[in-house]
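Reading through the structure tokens given below for one structure.
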Amino acid sequence: NAGVTQTPKFQVLKTGQSMTLQCAQDMNHEYMSWYRQDPGMGLRLIHYSVGAGITDQGEVPNGYNVSRSTTEDFPLRLLSAAPSQTSVYFCASSYSTSDAQGDGYTFGSGTRLTVV
Amino acid sequence: DAKTTQPNSMESNEEEPVHLPCNHSTISGTDYIHWYRQLPSQGPEYVIHGLTSNVNNRMASLAIAEDRKSSTLILHRATLRDAAVYYCILRRGDTGKLIFGQGTTLQVKP
């Protein structure tokens, strides 16, 4: 089924370890973004991309890197994990920056990350 | 980024209509009004979006005030599966960013 695929679904890291959260979409969406959601809170934007080769920072970018080498993939890298990065991470995509076309964002099912 | 204001929580009875309000007094001319909902332990789900005119789809209706400073999401007949957190968000017309607020927790009583 077409959609946004996130891997892994669950991950436990030790403080200082690095890892990459994977996000892939097969809908030929230009726009992709990463959010984190802490318990009982709303989603906060980490990084976003308006197309291959273009990325920009969101509300809470510190501690995270992204790249967009293809339209389909938008990985999120944690270079040195900290307990404050324990959260649920959601990847989302949309057809374009313009809302004149498309049906909003499609979200993945999330990655639950615990840093101990 | 323009902010939205929503009630923290609302209650509804099953099979009755639900009107979820949202204020966005600082909206700019190119901002689209988006609504998403999030069921427990799931990612957000797109509900509807609009710019100036009222919009209808299979899930809901969106009523936008003439001055665009407020909008209302209408669920025509609430079911127990509609219990969720509903987010009203302004999507920037230039960058496309979607900035979430706290949302409204909707409870549906049988």
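Proteins come first, then strands; the chains are lettered A, B, ... in the order of their sequence lines, and each starts at number 1.
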Checklist line | Cluster overlap A:F90 with A:Y31, hydrophobic side-chain contacts below 4.5 Å | finding: yes
Margin query: For A:R44, which atoms come within 4.5 Å of any heavy atom of chain B: side chain, backbone, both, or neither?
Written below: neither
Check: Are more than 12 heavy atoms from other residues, nucleotides or ligands located less than 6.0 Å from atom CG of B:N8?
Finding: no
Margin query: Heavy-atom cut-off 4.5 Å, strictly under: side chain, backbone, both or neither for B:T30 against chain A?
Written below: neither
Notebook entry, point to check: Are A:V66 and A:V50 grouped together when hydrophobic residues (ILVMFWY) are joined by side-chain heavy atoms under 4.5 angstrom apart?
Noted result: no
Next item on the list: Could you list which of residues 7-15 of chain A have a heavy atom closer than 4.5 Å to any heavy atom of chain B, in residue-number order?
Entry: none
Next item on the list: Could you state whether A:W34 and A:V60 fall into the same hydrophobic cluster, counting links through intermediate Ile, Leu, Val, Met, Phe, Trp or Tyr residues with side-chain heavy atoms under 4.5 angstrom apart?
Entry: yes
Margin query: For A:Y48, does the six-membered ring have the charged nitrogen or CZ of B:R92 within the cation-pi criterion, i.e. under 6.0 angstrom from the centroid and within 45° of the normal?
Written below: no
Donor-acceptor contacts, no H, no angles, side chain residues 74-82 of chain B, under 3.5 Å, sequence neighbours left out:
from  : atom 1 : to    : atom 2 : distance (Å)
B:H76 : NE2    : B:S61 : OG     : 2.7
B:T79 : OG1    : B:R81 : N      : 3.3
B:T79 : OG1    : B:D82 : OD2    : 3.4
B:D82 : OD1    : B:R37 : NH1    : 2.8
B:D82 : OD2    : B:T79 : N      : 2.9

Margin query: For A:Y105, is there any backbone N or O sitting under 3.5 Å from a side-chain donor or acceptor partner on B:Y36?
Written below: yes
Note to self: For residues A:L76 and A:F107: do they belong to one hydrophobic cluster (side chain heavy atoms under 4.5 Å, members Ile, Leu, Val, Met, Phe, Trp, Tyr)?
What the structure shows: no
Checklist line | Shortest non-hydrogen contact between B:R91 and A:S94, atoms and distance | finding: NH2-OG, 3.0 Å
Notebook entry, point to check: How far apart are the closest heavy atoms of A:Y35 and B:L98, and which atoms are they?
Noted result: OH-O, 2.6 Å
Check: Quick one: side-chain contact (heavy atoms from CB on, under 4.5 Å) partners of B:Q42, sequence neighbours excluded?
Finding: B:L39
Checklist line | Side-chain touch B:K97/A:D56, heavy atoms, less than 4.5 angstrom | finding: no
Margin query: I'd like to know if A:L45 and B:V85 are part of one continuous hydrophobic network [Ile/Leu/Val/Met/Phe/Trp/Tyr, side-chain heavy atoms within less than 4.5 Å].
Written below: yes
Next item on the list: Heavy-atom distances under 4.5 Å only: say whether A:L43 touches chain B with side chain, backbone, both or neither.
Entry: both
Next item on the list: Not counting sequence neighbours, list each pair that qualifies as a side chain to side chain donor-acceptor pair (under 3.5 Å) and has a residue in residues 70-79 of chain A.
Entry: A:S67-A:R77, A:T70-A:D73
Next item on the list: Go through the atoms of A:Q6 and report whether side chain, backbone, both or neither lie under 4.5 Å from a heavy atom of chain B.
Entry: neither
